[in-house]
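This report refers to the structure that appears directly beneath it.
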Amino acid sequence: MSTQAITVLGSTGSIGVSTLDVVARHPDKYRIVALSAHSQLDKLVEQCRVHLPRYAVLAEPAGVAELRDRLRLAGLAQIEVLAGMEALEHIASMPEVDAVMAAIVGAAGMRPTLAAARAGKRVLLANKETLVMAGRLFMDAAREGGATLLPIDSEHNAIYQCLPQPFDDGAGQGVRRILLTASGGPFRQFSGEQLAAVTPEQAVKHPNWSMGRKISVDSASLMNKGLEVIEARWLFDLAPERIEVVVHPQSVIHSMVEYVDGSVLAQLGNPDMRTPIAYGLAWPARIDAGVTPLDLFKIARLDFEAPDPQRFPCLGLAFEALRLAGAAPAVLNAANEVAVAAFLDRRLAFDAIPLLNAATMQAVAASFDAGSLASLTAADQAARQYADGWLSRHA
């Protein structure tokens, strides 16, 4: 059997690093064709040394000369260095590529992920923003291109494993609803006064998962779970009222599917992203992911509680964005990226993140539709401009 050719978009981030770890365990099954990074040249050069891709791609041209020099000094001059959005789209859609790990964080990952879907690739979707910003467009592109879409978020991957396949929205398949689990983040029992005083250092320390700074803040505000609700609506073609969020602090049950006969199927495992990554790479088979086996005796208990909408209003904003439809999810996502960046830069209080998000969605969402990528991109830009203005007035 020939090896699968893999492109990793966002190879130096936490998902990219975990993907390369799984790939390295199975050199007989996978080979890396292309890697992309934003700015971490040290890590990218080392990844090139280990995996010998054909292409190394940067998000911006600024670092191209330095990367070429460093690869040449490392004896890797044969690796072609490219930069920019068109280069990212190219490595996502090349004919020789079998699967694309879409792990670029933020709106920047949308266009190359769409390119992979249109080219009919196996798309391992770890970029939330593609579905949040352009859910209908992306799902249509995947269908028309004949792409195989495998969710990598631990929650959506868990749901995928628990649903009947192929899944059509549950009609005639007995699915009542899906239950997205959330750890609750590090502040689930904080008072309002404590939330107002949260620091970036506190917010990036997730109790269970090792993640990047932006997604760690989103997890702490429950915006991450809100974005996952929007993703789930498109991935599984379910109305929002058939999606429920359950706080589960241990992060052992990664999500559940409830059926009309009363059965609830759950996927369990240690909180390690290599499990859904390995599932996506090998589907429909299974491969070793290097993950420590789950020890139920050590865990001993599993707790569940309802999310607190007063303490964490970002979750409610996501459901509101789905209700408003159109460009509202894209606007909410853009506003949140601005808010989180400002929080990490100490220009915005943690408890003001939902205030900025709500104000931006109310002011901008109705002015745009979701009919085209151009309209959604314009909505994204307008939301960022409004959010920047809101910051200058209120922060």
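Predicted, not measured: the structure shown is a model, and the values here were computed from it.
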Is [Y] close to [X] at the side-chain level, that is, under 4.5 Å between some pair of heavy atoms?
X: His38; Y: Thr12; answer: no
X: Leu131; Y: Ile230; answer: no
X: Val8; Y: His51; answer: no
X: Leu9; Y: Asn127; answer: no
X: Thr360; Y: Val338; answer: no
X: Gln202; Y: Phe350; answer: no
X: Ile243; Y: Arg233; answer: yes
X: Leu391; Y: Leu348; answer: yes

Checklist entry - Given Arg49, which of Leu44, Ile79, Leu76 fulfils the side chain to side chain contact (heavy atoms under 4.5 Å, CB included) condition? => result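 Output: one option passes, namely Leu76.
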For [X], look at atom [atom1] and say whether over 12 heavy atoms of other residues, nucleotides or ligands are found less than 6.0 Å away.
X: Glu86; atom1: CD; value: no
X: Gln362; atom1: CD; value: no
X: Gln194; atom1: CD; value: yes

Item to check | Plane angle bin for His26 and Tyr30 - parallel if under 30°, tilted between 30 and 60°, otherwise perpendicular | outcome: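 Taking His26 first and then Tyr30, their aromatic rings stand perpendicular (interplane angle over 60°).
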Checklist entry - Relative to each other, are the rings of Tyr279 and Tyr160 parallel, tilted or perpendicular (30° and 60° limits)? => result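 Perpendicular.
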Please check: side-chain N/O of [X] versus main-chain N/O of [Y], any donor-acceptor pairing under 3.5 Å?
X: Arg122; Y: Trp283; result: yes
X: Ser18; Y: Ser14; result: yes
X: Thr181; Y: His254; result: yes
X: Asp369; Y: Gly371; result: yes
X: Ser36; Y: Gly10; result: yes
X: Arg242; Y: Ile178; result: no
X: His156; Y: Glu228; result: yes
X: Asn357; Y: Asn336; result: yes
X: Lys121; Y: Ala92; result: no

Looking at [atom1] of [X] and [atom2] of [Y], how far apart are the two atoms once the value is rounded to the nearest 0.5 Å?
X: Asn224; Y: Glu231; atom1: CG; atom2: CD; result: 8.0 Å
X: Ser251; Y: Ile299; atom1: OG; atom2: CD1; result: 10.5 Å
X: Leu35; Y: Gln47; atom1: CG; atom2: CD; result: 5.5 Å
X: Thr292; Y: Arg274; atom1: OG1; atom2: CZ; result: 7.0 Å
X: Gln250; Y: Leu268; atom1: CD; atom2: CG; result: 11.0 Å
X: Asp21; Y: Ile277; atom1: CG; atom2: CD1; result: 8.5 Å

Next on the checklist: I'd like to know if Asp388 and Arg384 make a salt bridge, using a cut-off of under 4.0 Å between side-chain N and carboxylate O.
Outcome noted: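 Salt bridge between Asp388 and Arg384, a charged N being under 4.0 Å from a carboxylate O: no.
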Item to check | Pair Glu46 + Lys43, salt bridge at N-O below 4.0 Å | outcome: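 No, no charged N to carboxylate O under 4.0 Å.
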Next on the checklist: Under the rule for ring-ring contact (aromatic ring centres under 6.0 Å, His included), what residues qualify as partners of His90, not counting sequence neighbours?
Outcome noted: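 Counting only residues at least two positions away or on another chain, His90 forms a ring-ring contact (aromatic ring centres under 6.0 Å, His included) with Tyr55.
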Item to check | Criterion side chain to side chain donor-acceptor pair (under 3.5 Å) on Asn333 and Lys128, from CA distance to verdict | outcome: CA-CA 10 Å; Asn333 175 74; Lys128 296 179 184 301; over 6 Å; no
Item to check | Arg393 NZ/CZ over Tyr386 ring centroid, <6.0 Å and within 45° of normal | outcome: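 Relative to the ring axis of Tyr386, which defines the angle, Arg393 lies inside both limits.
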